[in-house]
Amino acid sequence: LDSLEWGDIEKVINVNLIGTIALTRAVLPLIKERQGRIVTIASLSGEIGNNQQTNYSASKAGLIGFTKALARDVAKYGVSVNAISPGLINSRMVTSIPEHLQERMLSIIPQKRFGSPRSVAELVYFLLTNEENYITGQSIKIDGGLSM
């Protein structure tokens with residue numbers, strides 16, 4: 001936290017948390033009218049914290065809290081709200097990490113692999129399209145067992 005500039009803290013929180021709240025607020029009347037679904041993308045960092053990422057972890061933890069509170073508020077309209085908390089997903093961010101650190105990360109993931117963007121997309125799809133959806137107010141971890 002000491003090494004973060006205040007502007008960097010604000011930027012991450014504004015994008016990850018405030019931006020999501022603003023967008024949700026703008027579309028919520030239509031979602032309530034259609035008994036829609038909301039899926040936010042949090043992070044395992046928001047669930048368990050992460051070294052050198054206090055601003056990011058705080059923004060994603062806030063997003064999880066927002067998701068749970070909103071789910072309570074809109075359930076009476078037939079709207080479900082859930083968060084997905086991905087762990088290490090095979091992305092530009094992960095591939096930019098030096099190989100020796102990637103190997104170290106893989107060694108602590110029970111499935112011994114990074115997740116795929118498709119696995120996250122399929123979970124989003126499930127939450128949005130399952131007609132008998134009885135899931136709301138949850139933060140679903142998709143992390144190869146890392147958080148066990």
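Numbering of residues begins at 1 and proceeds along the displayed sequence. Every heavy atom of this structure was used, including side-chain atoms; hydrogens, water molecules and symmetry mates were not.
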Which heavy-atom pair separates A42 from S85 by the least distance, and what is that distance?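 Heavy atoms of A42 and S85 come nearest at CB-OG, 3.6 Å.
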
Tell me the closest heavy-atom pair linking S119 and S116, and the distance in Å.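 So the minimum-distance heavy-atom pair works out to OG-O, 2.6 Å.
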
Before giving the answer on side chain to side chain contact (heavy atoms under 4.5 Å, CB included), spell out for V12 and L4 the whole-Å C-alpha distance, their side-chain angles and the decisive distance to 0.1 Å. CA-CA 11 Å; V12 169; L4 290 173; over 6 Å; no

Between [atom1] of [X] and [atom2] of [Y], what distance do you get to the nearest 0.5 Å?
{"X": "T136", "Y": "K68", "atom1": "OG1", "atom2": "NZ", "value": "10.0 Å"}
{"X": "Q35", "Y": "N133", "atom1": "CD", "atom2": "CG", "value": "12.5 Å"}
{"X": "I38", "Y": "T24", "atom1": "CD1", "atom2": "OG1", "value": "5.5 Å"}
{"X": "Q111", "Y": "M148", "atom1": "CD", "atom2": "CE", "value": "8.0 Å"}
{"X": "I142", "Y": "S43", "atom1": "CD1", "atom2": "OG", "value": "12.5 Å"}

Does any part of the side chain of I140, heavy atoms only, come nearer than 4.5 Å to the side chain of F126, both counted from C-beta?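 Heavy-atom side-chain distance check fails, nothing below 4.5 Å.
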
Is there a side-chain contact between L28 and L70 (heavy atoms, below 4.5 Å)?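 Answer yes - side chains close enough.
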
Near K112 NZ, under 6.0 Å, is it more than 12 heavy atoms from other residues, nucleotides or ligands?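 For K112, atom NZ is crowded (more than 12 foreign heavy atoms under 6.0 Å).
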
Is it the case that one hydrophobic cluster holds both [X] and [Y], taking links as side-chain heavy atoms less than 4.5 Å apart, direct or via other members?
{"X": "L101", "Y": "F114", "result": "yes"}
{"X": "L30", "Y": "V79", "result": "no"}
{"X": "L127", "Y": "Y125", "result": "no"}
{"X": "I108", "Y": "M93", "result": "yes"}
{"X": "I48", "Y": "I89", "result": "no"}

Please list, chain by chain and in numerical order, all residues satisfying side-chain contact (heavy atoms from CB on, under 4.5 Å) with D143, sequence neighbours excluded.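 Result, side-chain contact (heavy atoms from CB on, under 4.5 Å) vs D143: L44, K141, L146, S147.
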
Between side-chain atoms of residues 56-67 and protein atoms elsewhere (two or more places apart, or another chain), which donor-acceptor pairs fall under 3.5 Å?
{"from": "S57", "atom 1": "OG", "to": "S45", "atom 2": "O", "distance (Å)": "3.2"}
{"from": "S57", "atom 1": "OG", "to": "N50", "atom 2": "N", "distance (Å)": "3.3"}
{"from": "S57", "atom 1": "OG", "to": "Q53", "atom 2": "O", "distance (Å)": "3.1"}
{"from": "S59", "atom 1": "OG", "to": "N16", "atom 2": "ND2", "distance (Å)": "3.0"}
{"from": "S59", "atom 1": "OG", "to": "Y56", "atom 2": "O", "distance (Å)": "2.8"}
{"from": "K60", "atom 1": "NZ", "to": "I41", "atom 2": "O", "distance (Å)": "2.9"}
{"from": "T67", "atom 1": "OG1", "to": "T40", "atom 2": "OG1", "distance (Å)": "2.7"}
{"from": "T67", "atom 1": "OG1", "to": "L63", "atom 2": "O", "distance (Å)": "2.8"}

Quick one: do D73 and V81 satisfy side chain to side chain contact (heavy atoms under 4.5 Å, CB included)? Show the steps, please. CA-CA 10 Å; D73 290 345; V81 186; over 6 Å; no

Tell me whether N82 contacts the main-chain N or O of I135 through its side chain, where contact means a donor paired with an acceptor under 3.5 Å.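 Between the backbone of I135 and the side chain of N82 there is a qualifying donor-acceptor contact (under 3.5 Å).
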
Using a 3.5 Å distance criterion without hydrogens, assess whether the side chain of R37 forms a donor-acceptor pair with backbone atoms of N130.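 Side chain of R37 to backbone of N130, a donor-acceptor pair under 3.5 Å: yes, one is there.
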
